[in-house]
Amino acid sequence: MLEAYHDELLSCTGCGFCKKSYYAYEFCQKESDYPKGKIMIAYGLLTKEIGEDENVIRALQKCTLCKRCEKDCPSKVKIADIIKSARYELKGLLPEHKKLIKNYEEKRNIFGEENFKKEGNEKIAFFMGCLINKELKDIVISLFDKLGLDISIISQCCGYPIEKIGRKIEKIELDYEKIVVACPNCMLSLKEYNPVHISQFILSLDPKFKKTGKNYIYHDSSFLGRYLNIYDEPRKIIGSIGNLMEFNENKEMARQCGGEIEFRVAFEKEADEMAKYIVKEAKEKNATIVTSSPHCYSHLKEYGAIDLLQLIEENLAL
Ligand code: SF4
């Protein structure tokens, strides 16, 4: 409820420091494109000084909730939580989001595709989510084959993208001792099961890797990083395979690439501009981008980015 953020909203001084990281992008043209403007809209909705219309819906949805702007806010305002809460107040939806929600409700897959399922070990499951199901399913199957692990593989939408849009989701019931995930959205959605990220799981097996001698630059997913505080494990794996490089803004300060699916389907131009910003730096550093989120991977793959799952699968020394 937005009401719960009343005091938080009032702690915004209107200084505009949260706009700093947005100056790199041309798509920011008006105040509502920046976090500060969205905070003002949320406050207006709460006090009923403004009503809901198409511009309000677009302004509040035009945000990945990545929390990067919060790093620049001197008042430590919980900007992403406020924006997400304001979305729950909205009755209207963008057409692109209506489609995702319809697919989720009908097929538990935001693309409306068939979910893959493999029964294996009853104690441990890899929860694939719908983006890995779409983009990296064969890599996952091959990876566990190569590791000699007959684990169960489940793919269905975790619901987190729907939740980010501001709509309630159905709880997922799972009955395994251990859940492994590779998508930060799934990890957040399934947090009550204490899931393990694939990078942590792989390191726990103490595998050996082939050395490629290539330059890799790690793109921190905002959700794996700022939300889940997982920074080191993917870097450890990448550094065991090749030359680990860093973006100028990395870890807690990493930029969002625009890949979050619910953002990207509705704001293609903005998402492309965000992707090109980091791709430019990777090119200048002559490095291949490695992601550890299928949202980032599916957005950046056209620029030659690879996912950590692929890097591991290709370079396991068996
Ligand atoms: S930086 Fe923080 S306090 Fe300043 S305008 Fe943005 S949200 Fe408000």
Side-chain angles (χ1 to χ4, degrees), residues 1-90 94 160-161 163-166 184-185 188 219-229 231 247-260 262-264 266-267 269-271 273-275 277-278 281:
M1 286 286 288
L2 197 49
E3 180 63 39
Y5 290 95
H6 179 267
D7 294 354
E8 189 77 27
L9 279 158
L10 288 179
S11 70
C12 171
T13 61
C15 66
F17 274 97
C18 54
K19 296 161 76 171
K20 206 154 56 117
S21 61
Y22 284 75
Y23 292 141
Y25 307 128
E26 284 178 12
F27 71 77
C28 295
Q29 300 285 334
K30 48 187 188 298
E31 199 65 23
S32 64
D33 289 330
Y34 297 100
K36 179 184 163 187
K38 296 177 202 299
I39 294 282
M40 300 299 159
I41 290 172
Y43 187 70
L45 282 177
L46 180 62
T47 57
K48 310 223 181 309
E49 285 167 88
I50 61 169
E52 178 180 330
D53 65 15
E54 203 184 313
N55 290 330
V56 165
I57 297 170
R58 283 194 74 75
L60 288 174
Q61 294 291 357
K62 198 199 268 191
C63 170
T64 60
L65 306 178
C66 78
K67 297 193 175 186
R68 173 62 181 79
C69 62
E70 293 182 12
K71 294 288 156 197
D72 294 323
C73 171
S75 305
K76 306 282 175 229
V77 176
K78 293 190 179 89
I79 302 168
D81 289 351
I82 289 172
I83 294 171
K84 189 172 166 186
S85 182
R87 289 176 183 174
Y88 276 89
E89 304 287 323
L90 299 175
L94 299 175
Y160 200 70
E163 218 186 294
K164 283 189 282 178
I165 291 168
N185 278 228
L188 285 159
H219 165 58
D220 287 279
S221 142
S222 308
F223 291 86
L224 193 62
R226 282 185 287 275
Y227 279 69
L228 289 159
N229 207 27
Y231 295 108
F247 284 101
N248 296 338
E249 295 168 288
N250 58 59
K251 298 187 176 175
E252 283 196 343
M253 299 304 283
R255 276 185 181 258
Q256 160 68 230
C257 68
E260 296 306 306
E262 73 292 343
F263 175 78
R264 184 167 24 121
F267 301 101
K269 186 168 73 69
E270 290 82 350
E273 198 183 345
M274 291 161 87
Y277 186 90
I278 65 162
E281 188 182 332

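One-based numbering, in listed order, for ligands and for the atoms of each. Keep in mind the model is a prediction, meaning the values are calculated, not measured.
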* For G16, take its heavy atoms, then give the atoms of ligand 1 lying under 4.0 Å from any of them. => 4 (Fe), 5 (S)
* To do: Can you pull out the closest protein heavy atom to atom 7 (S) of ligand 1? Residue, atom name and distance to 0.1 Å, please.
  => I79 CD1, 3.7 Å
* Structure fact -> So the atoms of ligand 1 within less than 4.0 Å of a heavy atom of S75 turn out to be 3 (S)
* To do: Would you tell me whether E260 and T64 have side-chain atoms, one donor and one acceptor, within less than 3.5 Å of each other?
  => no
* Counting backbone and side chain alike, does C73 bring an N/O/S atom below 2.8 Å of atom 8 (Fe) of ligand 1? -> no
* To do: Check whether any side-chain heavy atom of L10 sits under 4.5 Å from a side-chain heavy atom of Y43, and report yes or no.
  => yes
* With side chain to side chain contact (heavy atoms under 4.5 Å, CB included) as the test, would you mind laying out the steps for F223 and K67 before giving the verdict? => CA-CA 9 Å; F223 291 86; K67 297 193 175 186; over 6 Å; no
* Would you mind running through ligand 1 and noting each atom that sits below 4.0 Å from a heavy atom of C15? => 1 (S), 3 (S), 4 (Fe), 5 (S)
* **Atom indices of ligand 1, in the order listed, that fall short of 4.0 Å to a heavy atom of G14** => 5 (S), 8 (Fe)
* Quick one: which ligand 1 atoms are inside 4.0 Å of a heavy atom on C12? -> 3 (S), 5 (S), 7 (S), 8 (Fe)
* Do you see an N/O/S atom of C18, backbone or side chain, under 2.8 Å from atom 6 (Fe) of ligand 1? -> yes
* Does R226 use its side chain to pair, donor to acceptor, with the backbone of C66 at less than 3.5 Å? -> yes
* Which residue holds the protein heavy atom closest to atom 3 (S) of ligand 1, what is that atom called, and what is the gap in Å? -> T13 N, 3.4 Å
* Can a non-hydrogen atom of P35 be found less than 4.0 Å from any atom of ligand 1? -> no
* **Candidates E252, K20, M253 - the one meeting side chain to side chain contact (heavy atoms under 4.5 Å, CB included) with R68** => M253
* Is a side-chain donor or acceptor of D220 paired with a backbone partner of K251 at a separation under 3.5 angstrom? -> yes
* Kindly say whether S222 contributes a backbone atom to a donor-acceptor pair with the side chain of Q256 at under 3.5 angstrom? => no
